[in-house]
Amino acid sequence: ALAGMCARVFEGGSVSYAYTTIPTYPSGQIGMMLCAKARPVQGASADADGPLDPRVPRQAPADAVAGLDAGPLRYYDAALHRAAFALPRFAAEALAESLTFAPGA
């Protein structure tokens, strides 16, 4: 359904499913489809081949948010970022044909 439509619309790009917990939301969780267009061939570097993998954080970990007078991040790190894309087996199997990257891989 939705994942299959995203796979057709973002052909050559990436399609992933993630979820997050939000204590003020009635069920406590919200799921989302994360999609990216294919990378343009022009100007792409050797390490930029293939679709973007949203499971990989794009910024280097830092002890503080740059430009802000803030201490170290307490609720976010690269491991938590990757964990947002973990799916229960039944969901991974149901979405396997539509997702670009296998959950947990």
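Across all non-hydrogen atoms, the minimal contact from T100 to V15 is OG1-N, 2.6 Å. Taking all atoms of both residues into account, the shortest heavy-atom contact from A18 to L34 is CB-CD1, 3.5 Å. Across every non-hydrogen atom of L87 and A91, the tightest pair is CB-CB, 4.3 Å. Residues F10 and K37 approach most closely at CD2-N, 3.8 Å, considering heavy atoms.
Separating the CE atom in M33 from the CG atom in L99 is a distance of 6.0 Å, to the nearest 0.5 Å. Taking CG of L80 as the start and OG1 of T20 as the end, the distance is 8.0 Å to the nearest 0.5 Å. Here the CE atom belonging to M5 is positioned 10.5 Å from the OG atom belonging to S98, to the nearest 0.5 angstrom.
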I would like to know whether Y17 and M32 meet side chain to side chain contact (heavy atoms under 4.5 Å, CB included); could you show each step before the answer? CA-CA 6 Å; Y17 177 84; M32 61 208 86; over 6 Å; no

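E11 CD: 12 or fewer foreign heavy atoms inside a 6.0 Å radius.
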